[in-house]
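A short write-up of the structure that comes next.
Both ligands and their constituent atoms are indexed starting at 1 by order of listing.
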Amino acid sequence: MQHIEALKPELEKPRKIAVIPHRRPDADALGSCLALYGYLVQGEHEVKVISPDEYPDFLKWMKGNESVLVYENGEKRKIEKFLETADFIFCLDFSSLDRIEDLGKLVAASKAVKVLIDHHPGKENFAAYELYDTKASATAELIYDFLHLMGAIDTLTVDMAECIYAGIMTDTGSFKYSSTSSKVHRTIADLIDVGVTPEKIHRLIYDTNSENKIKMLGFVLDQRLKVLREFNTAYMYISDDDLKRFQSKNGDTEGLVNYALSIEGIKLAALFIDRTDSVTMSFRSVGDFSVSEFASAHFNGGGHKNASGGKMTIPLGEVVDFFESLLPFYKDQLRQPDA
Ligand code: 5GP
Ligand code: MN
């Protein structure tokens, strides 16, 4: 494995390059891809951003959005061919190939040189070049570092800077999580100097909700929230019928789990969503309780210490019962006062 700086001479000639975010891409995953795309297309490369699946409408303002290929939406053969014949594949905001569903096998099989830029714990060793830092607030922060390492910070346009800003803003919970270092603020200051208007990005991401999304939020908080004081835990679930009733779209449930965590005294919050063929879940914690370990031990998942997720293929009711049955084993940890 080589440090990413060794890539510089490799990118000096025209290359065929794929850039891939994790499944259900969020602002960090997609913003990182499109910022990198904005840099790479300034060279004489052939570049395609390939998302495993659809992403929310509130990310579609990002420059380059119209050129993103969505694997699950068809044109699969074209995408497969591109990956087979690519020179480089950049994997952004994930570090295990199971996070990109079926694309994982194609990436593993491709002869392309793989480049990993990520901040998630639990990295697999599949990339020839890495820029990997679990202390980074966001992959987008690493994309900004990457431009410096390539000696290419002068290629940073306002459009690219907006994508990076969006990634850092969302992954730090609008600059409130413990990952919000002084370096994050310095990076943000640089992005503002390049021309980003913070108020505009906050509005584009957070204040473009559909009426259905807000109604579903109200319904879930009222009808689908359970607080288990004994375990300082609160969880919510959303059934398939609930999703249909509110015509839920990708992204409509993002951030919901934080409402459960915001209840006073709550240390562990969970959100379970029935996605017909599987149940996906989000976990959040405050303090020392590691939801990353919790998700990987019981829910085929992983993530960060205080934000993780997973996936199971048993019915929603059984997943919820299983979750409740685990809590007594963690009672002591969940009762400890905050650090
Ligand atoms: P979210 O709850 O926002 O979907 O995910 C929070 C975090 O959990 C993500 O940033 C990611 O690190 C992690 N995560 C979510 N789903 C999975 C999963 O299925 N597998 C793994 N390894 N991590 C996940
Ligand atoms: Mn991220």
Counting from 1, what ligand 1 atoms have a heavy atom of [X] closer than 4.0 Å?
X	answer
Gly303	12 (O), 13 (C), 23 (N)
His304	10 (O), 12 (O)
Gly310	16 (N), 19 (O)

- Message: Less than 6.0 angstrom separating the ring centers of Phe231 and Tyr330, yes or no?
- Response: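 That pair fails the under 6.0 Å test.
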- Message: If you take the centroid of each ring, where Trp contributes its six-membered ring, are Phe58 and Tyr206 closer together than 6.0 Å?
- Response: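 So the answer is no for these two rings.
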- Query: What is the ring orientation for Phe88 with Tyr129, classed by angle as parallel under 30°, tilted 30 to 60°, or perpendicular over 60°?
  - Reply: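 Ring orientation of Phe88 relative to Tyr129: tilted.
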- Name of the Asp93 atom (N/O/S only) found closest to the Mn ion (ligand 2):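 Considering only N, O and S atoms, Asp93 comes nearest to the Mn ion (ligand 2) through OD1.
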- With respect to the Mn ion (ligand 2), what is the nearest N, O or S atom of Asp28?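 When I compare the N, O and S atoms of Asp28, OD2 is nearest to the Mn ion (ligand 2).
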- Item | Intermediate values then yes/no, side-chain contact (heavy atoms from CB on, under 4.5 Å), Lys16 and Asp87 | CA-CA 5 Å; Lys16 193 168 175 180; Asp87 299 311; 3.6 Å; yes
- With hydrophobic residues grouped by side-chain heavy-atom distances under 4.5 Å, do Phe94 and Val291 end up in a single group?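 Phe94 does not cluster with Val291.
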- 2.8 Å cut-off met by an N, O or S atom of Asp118 to the Mn ion (ligand 2):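 Checking the Mn ion (ligand 2) against Asp118, no N, O or S atom falls under 2.8 Å.
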Looking only at protein heavy atoms, which one is nearest to [atom], and how far off is it?
atom	value
atom 6 (C) of ligand 1	Arg284 NH1, 3.6 Å
atom 23 (N) of ligand 1	Gly302 O, 3.0 Å
atom 7 (C) of ligand 1	Ala307 O, 3.6 Å
atom 9 (C) of ligand 1	His120 NE2, 4.0 Å

- Message: Tell me the angle that OD2 of Asp171 and NE2 of His119 form around the Mn ion (ligand 2), rounded to 10°.
- Response: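 About 90°, to the nearest ten degrees.
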At a 4.0 Å cut-off, with the gap strictly under it, does some heavy atom of [X] reach an atom of ligand 1?
X	result
Met281	no
Arg23	yes
Arg99	yes

Can you tell whether the side chains of [X] and [Y] come within less than 4.0 Å, N to carboxylate O?
X	Y	value
Asp57	Lys60	yes
Glu84	Lys81	no
Arg24	Glu254	no
Lys183	Asp145	yes
Asp240	Lys244	yes

- Item | Residue selection (non-hydrogen contact nearest atom 4 (O) of ligand 1) among Gly309, Ser96, Ser282 |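 Shortest heavy-atom distance from atom 4 (O) of ligand 1: Ser282.
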